Amino acid sequence: MAKTKTIYSCTNCGSGFPKWAGQCGECGEWNTLVEQVKQGTSVAARHAGLTPDSSVTVLKDVDLQQVQRISTHSPELDRVLGGGVVPGSVTLLGGDPGIGKSTLLTQYMAKINASHSVLYTSGEESAQQIAIRAKRLGEETQSLKVMAENRLEPILQAAQRERPKVLVVDSIQTVYTDAIESAPGNVTQVRECAARLVRYAKQNECAVMLVGHVTKEGSLAGPRILEHMVDAVLYFEGDTSSTFRLIRAIKNRFGAVNEVGVFAMMETGLMDVSNPSAMFVSRFSTESAGSVVLATQEGSRPLLVEVQALVDQSAHGNPRRLCVGLEQNRLAMLLAILHRHGGLMLSDQDVFANVVGGIKVTETASDVAVLIALVSSLLNRPIGSKLAAFGEVGLTGEIRPVQSGLERIKEAQKLGFASVLLPKANVPKKTVSDIKLVPVGHIQQVLDYLQSN
Ligand code: TYD
Ligand code: MG
């Protein structure tokens, strides 16, 4: 009989402690320690047999069988996955409730199901609920095999029986195993169930797709360890009230990270958006002040998005600074640079900045566009011409170069922009036809350009 003892584990980071405390000694979170009964089995025993072969090999002797990826028949999803689903891999798909995780998996797994069998298990919805959704998604979803179950053992048994090429578990937080006493969704449960599903995937060459819930803060619920255990972590981003959805690869052992796929949520499910720039800037109006197009780079793809700013006289002593889809700290920095090196004082103004379409831009190349939008709003001067901009702003007011300059210029040119404002060091050696380049080296030059146009 295995020895059992009580430990207290943190629901945030998964660390275990012999005594209860108000604060986790590992990650510093408060009130996250919960009582847990620890099974006496050793970690080594539980993870035994993860790889079928435990011999030592020289790398050059390793048989490089060409990995046969399974295409999802969606260029956008394939792009994020690095070319398709890899047999034996485990992918975690996270996102806010109602963003479309179940829709995505039902829809694209049904496409895979036409050539490779798929088993869709759901601990969140009944077979009827899945069927109602599937009906909206079209005819090909009808032959998908589903199972409404949240106990891990029956799921694994069904998988052993059906031998699917892809197993979907929606969601990992609702699955539990009887081997552990804690409730579903608890760190220990999530970790144990995920570990067993990972083992199943590796031993049976079956791709496993896990759906994961996210917390209020936007990170995946359950311990961070879940992200370490799986091969790929995809995040579903976007505003549930808008039609755009972005899937971003945060981690991918079989492809590039930070690659994004763009989708639109329609009446009949998700649709690939092959030319997202056109969609994001289609309603862009050159008449209004405080708005400019940013040429950003998402993974290997340039993307044009609209950046808006509103600068308004503050009614309070403590003016507001608010960002949606941009970094709050960078906004504060830009305001300080504008004051110190551009001579524009905004300390008595409320400042709001936003990226249209629910997109998040984290790269520093957004600085110049945010700056232009701020100045345009402050001076109430619309950016008249069809201008796209990119570039990083340094603390001394210099405009610093960013990566993939040429790709950004070409994307703007493709969409019919008349000019691109860019860092001096990003000007390509060869001339680019049909588009005017406005190189800038210091924010003063950006301000001069805005004054003169
Ligand atoms: P769902 O996939 O259930 O979200 P999740 O699994 O991430 O919680 O998706 C839900 C939302 O998508 C829901 O609000 C309805 C909407 N939707 C459509 O707009 N069109 C569709 O064809 C489907 C199936 C859902
Ligand atoms: Mg769901």
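Indexing begins at 1, ligand by ligand and atom by atom, following the structure's order. Just so you know, residue 1 is the first one in the sequence shown, and it goes up from there. Side chains are part of it too, since the values below use all heavy atoms of this structure and drop only hydrogens, waters and symmetry mates. Note that this is a predicted model, so its numbers are computed, not measured.
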Discussion item. Ignoring hydrogens and geometry beyond distance, is a side-chain donor-acceptor pair present between Asp170 and Tyr120 at under 3.5 Å?
Written reply: yes

Worksheet item: Listed by chain and number, what are the side-chain contact (heavy atoms from CB on, under 4.5 Å) partners of Ser74, not counting sequence neighbours?
Response: Thr72, Glu76, Leu77, Tyr108, Phe263, Asp272

Discussion item. Looking at every heavy atom in both Pro423 and Phe390, which two are closest together, and how far apart are they?
Written reply: CD-O, 3.2 Å

Item to complete: Pull up every protein N/O/S atom sitting under 2.8 Å from the Mg ion (ligand 2), skipping waters.
Response: Ser102 OG

Discussion item. Looking only at side-chain N and O atoms, does Asn204 offer a donor or acceptor that is under 3.5 Å from a partner on Arg163?
Written reply: yes

Discussion item. Between Thr141 and Gln107, is there a side-chain donor-acceptor contact under 3.5 Å, judged purely by atom types and distance?
Written reply: no

Worksheet item: With a 3.5 Å cut-off and no angle check, do the side chains of Ser277 and Glu411 form a donor-acceptor pair?
Response: yes

Item to complete: Could you tell me whether the side chains of Thr296 and Glu363 share a donor-acceptor contact shorter than 3.5 Å?
Response: yes

Worksheet item: Between Ser71 and Asp78, is any side-chain donor less than 3.5 angstrom from a side-chain acceptor?
Response: yes

Practice prompt. Please list, chain by chain and in numerical order, all residues satisfying side-chain contact (heavy atoms from CB on, under 4.5 Å) with Met271, sequence neighbours excluded.
Written response: Met266

Tabulate distances under 3.5 Å between N/O atoms of ligand 1 and N/O atoms of the protein, writing both atom names on each line.
residue	atom	partner	partner atom	Å
ligand 1	2 (O)	Ser102	N	3.3
ligand 1	2 (O)	Thr103	N	2.7
ligand 1	2 (O)	Thr103	OG1	2.5
ligand 1	3 (O)	Arg133	NH2	2.8
ligand 1	4 (O)	Gly100	N	3.2
ligand 1	6 (O)	Ser102	N	2.9
ligand 1	6 (O)	Ser102	OG	2.6
ligand 1	7 (O)	Ile99	N	3.4
ligand 1	7 (O)	Gly100	N	3.0
ligand 1	7 (O)	Lys101	N	2.7
ligand 1	7 (O)	Lys101	NZ	2.9
ligand 1	8 (O)	Gly98	N	2.8
ligand 1	9 (O)	Thr103	OG1	3.4
ligand 1	20 (N)	Arg136	NH2	3.3
ligand 1	20 (N)	Met266	O	2.8
ligand 1	22 (O)	Glu267	O	2.8
ligand 1	22 (O)	Gly269	N	2.8

